[in-house]
Amino acid sequence: EIYIMEPIESDGGFGQALQTNALVVAHFWANWADQCTQIDQVLIELGKLHTNIKLVKVEAEKHVELSQKHGIVAVPTVLLFNHGAMVDRVDGANVPLLAKLAEKLSKSRPAAPSAKPAAAAVSTDSGKALEIRLKELVNAAPVMLFMKGSPEEPECGFSRKIVALLKEKGIEFSYFNILADSDVREGLKEFSDWPTFPQLYISGDLVGGLDIVNEMAESGDLEKAVPKPGDLNQRLEKLVRREKVMVFIKGTREAPKCGFSRTLLGLLTDEGAEFGYYDILGDEDVRQGLKKFSDWPTYPQLYVDGELLGGLDIVKEMKESGDLAASLGV
């Protein structure tokens, strides 16, 4: 039956799953995330209601290349495909939005895409949410490359050249395939004030495109710009100042992975604070290094203007005394 979820065992298997006339709904999941079980149940019910939906499951941490290609930075994430092109996505356990999109797309599906399938992607992020997501993406790794395709299969000559250059210099990097997400592709142009791709970021800062990276490689400045293991404190200093209010948590804003993180996020939301976050579960260097950097052994940790405010107990005390709002600047 169409509502049975098909597990994906390989990147090639995912590509084959997209070769169908049905609307493909792909759930990127992890076994440690309880919200993924809820999303599975919701998707199965949606599959029963809409018989032209094909459901597939992708274990995000097992299929790293596939997850990176499609910009998966948290689980659960659900991607919707029409004729092989991604047409929408739902980040986090947003059940109402997922049900709404599945119903809309299953009833009124667009025609097969033309030679530029990624252009069919529909933007669902608000401007503020997209800005937050872009900040998270450019800081997702010390060296981040936004390119067309993947390092193994670049889909333009410029992307192919910059990948070859980084590999030649022995520079480790993560990447994001901008062809898989039109929100990121278009939003990053304005975010970085740089109209073309590829774009290379080091420690969250834009270095530039192929020409600039080439010049830096020839002058020797490229290797100097890449953070060394001993530069962790410099990276942490920048991370804690990325937003006026920064919280380091286990999981994401939409799907916290521990009760302490969930409670702290709730306190910040109740105060109406705008804040950035960093998922320490995805970066062991930051997870261990920040404990020494802040001289604070546990998580979550809350920073305001780059200074440690404390953990959950202190934030609770400040909430009860009425001092939290003033400290957060709200």
Tell me whether K319 is salt-bridged to E271, with the criterion being a basic N under 4.0 Å from an acidic carboxylate O. yes

If only side-chain N and O atoms count, and only distance matters, is there a donor-acceptor pair under 3.5 Å linking D205 with S203? no

Nearest heavy-atom neighbours spanning L55 and I53: CD2-CG2, 3.4 Å

Heavy-atom closest pair, residues G311 and W296: N-CZ2, 3.4 Å

Do I314 and L265 land in one hydrophobic cluster if side-chain heavy atoms of ILVMFWY residues count as linked below 4.5 Å? yes

Nearest heavy atoms of A273 and L328, plus distance in Å: CB-CD1, 3.9 Å

Please step through side-chain contact (heavy atoms from CB on, under 4.5 Å) for the pair N177 and S150, ending with a clear verdict. CA-CA 6 Å; N177 177 12; S150 67; 5.9 Å; no

Count I, L, V, M, F, W, Y as connected when their side-chain heavy atoms are under 4.5 Å apart, and connections chain through other members. Are L23 and I44 then in the same cluster? yes

When you check the gap from the basic side-chain N to the acidic O, do K244 and E274 get nearer than 4.0 Å? no

Rounded distance [0.5 Å steps], NZ in K169 versus CD in E223: 4.5 Å

Do K54 and E6 sit within salt-bridge range, that is, some charged N less than 4.0 Å from a carboxylate O? yes

Tightest non-hydrogen contact, residues A30 and V75, listed as CB-CG2, 3.8 Å

Do L281 and R287 have side chains that approach each other closer than 4.5 Å (heavy atoms only, starting at C-beta)? yes

When R242, E237, E243 are each screened for side chain to side chain contact (heavy atoms under 4.5 Å, CB included) with L239, the one that passes is R242

When clusters are formed by joining ILVMFWY residues with side-chain heavy atoms under 4.5 Å apart, either directly or through shared neighbours, do L165 and I212 land in the same one? yes

Taking the side chain as C-beta and beyond, is there a heavy-atom pair between F260 and T298 under 4.5 Å? no

Can you see whether F275 has R253 sitting over its ring - NZ or CZ less than 6.0 Å from the centre and within 45° of the normal? yes

Roughly how far, to the nearest 0.5 Å, is CG of N214 from CD of E218? 6.0 Å

Can the ring centres of F197 and F146 be said to be less than 6.0 Å apart? no

Are the side chains of Y299 and L290 in touch, meaning some heavy atoms are under 4.5 Å apart? yes

Side chain to side chain, V245 and L302, heavy atoms closer than 4.5 Å: yes

More than 12 heavy atoms of other residues, nucleotides or ligands under 6.0 Å from CZ of F158: yes or no? no

Please determine whether side-chain contact (heavy atoms from CB on, under 4.5 Å) holds for the pair K161 and L210, giving the CA-CA distance in whole Å, both sets of side-chain angles, and the decisive distance to 0.1 Å. CA-CA 8 Å; K161 289 178 181 179; L210 178 60; 3.9 Å; yes

Is there side-chain contact between Q199 and L206, with heavy atoms separated by less than 4.5 Å? yes

Same cluster for V213 and L188 if Ile/Leu/Val/Met/Phe/Trp/Tyr side chains link at under 4.5 Å? yes

Linked, directly or transitively: W29 and L18 (ILVMFWY side chains, under 4.5 Å): no

Indicate yes or no for a side-chain donor-acceptor contact from S219 to the backbone of M216 under 3.5 Å, with no hydrogens or angles considered. yes

Rounded at 0.5 Å granularity, tell me how far OG in S261 sits from OH in Y277. 11.5 Å

Flag the pair K62 and E9 as a salt bridge only when some basic side-chain nitrogen lies within less than 4.0 angstrom of an acidic carboxylate oxygen. yes

Is the centre of the H70 ring less than 6.0 Å from the centre of the F14 ring? yes

Does E152 have more than 12 heavy atoms from other residues, nucleotides or ligands lying within 6.0 Å of its CD? yes

Taking atom CG of L222 and atom CD1 of I171, what is their separation to the nearest 0.5 Å? 4.0 Å

If you round to the nearest 0.5 Å, how far is OG1 of T20 from CZ of F81? 13.0 Å

Taking everything shown except E190 itself, do over 12 heavy atoms lie less than 6.0 Å from its CD? no

I'd like to know if the side chain of S327 reaches the main chain of D323, judged simply by a donor and an acceptor atom lying under 3.5 Å from each other, with no hydrogens or angles considered. yes

Around K238, counting heavy atoms of other residues, nucleotides and ligands shown, do more than 12 lie under 6.0 Å from its NZ? yes

Give the C-alpha distance, both sets of side-chain angles, the deciding distance and a yes or no for side-chain contact (heavy atoms from CB on, under 4.5 Å) between I249 and Y278. CA-CA 6 Å; I249 61 175; Y278 195 89; over 6 Å; no

From I72 CD1 over to T77 OG1, what is the distance, rounded to the nearest 0.5 angstrom? 4.5 Å

What I'd like to find out is whether the side chain of F28 reaches to under 4.5 Å of the side chain of L79, using heavy atoms alone. yes

Could you tell me whether D34 and K257 have a side-chain N and a carboxylate O separated by less than 4.0 Å? no

Going by an N to O cut-off under 4.0 Å, is there a salt bridge joining R89 and D181? yes

Can a donor-acceptor pair be found, under 3.5 Å and without considering hydrogens, that links the side chain of D279 to the backbone of G251? yes

Check the pair K57 / D40 against side-chain contact (heavy atoms from CB on, under 4.5 Å), numbers first and verdict last. CA-CA 9 Å; K57 292 181 65 174; D40 276 348; 3.0 Å; yes

Between Q35 and P76, which heavy-atom pair has the shortest distance, and what is it? CB-CD, 3.9 Å

Minimum side-chain heavy-atom gap M147-L200 below 4.5 Å: no

Does atom CD (E155) have a neighbourhood of more than 12 heavy atoms from anything else shown, all under 6.0 Å? yes

Polar contact flag, side-chain donor to acceptor under 3.5 angstrom, W32-E61: yes

Both conditions, 6.0 Å and 45 degrees, for the charged tip of K189 above the ring of W194: are they met here? no

Less than 4.5 Å apart, any side-chain heavy atom of C36 and any of H27? yes

For residues V184 and L134, report the shortest heavy-atom separation together with the two atoms involved. CG1-CD2, 4.0 Å

Any carboxylate oxygen within less than 4.0 angstrom of a Lys/Arg side-chain nitrogen, looking at K316 and E320? no

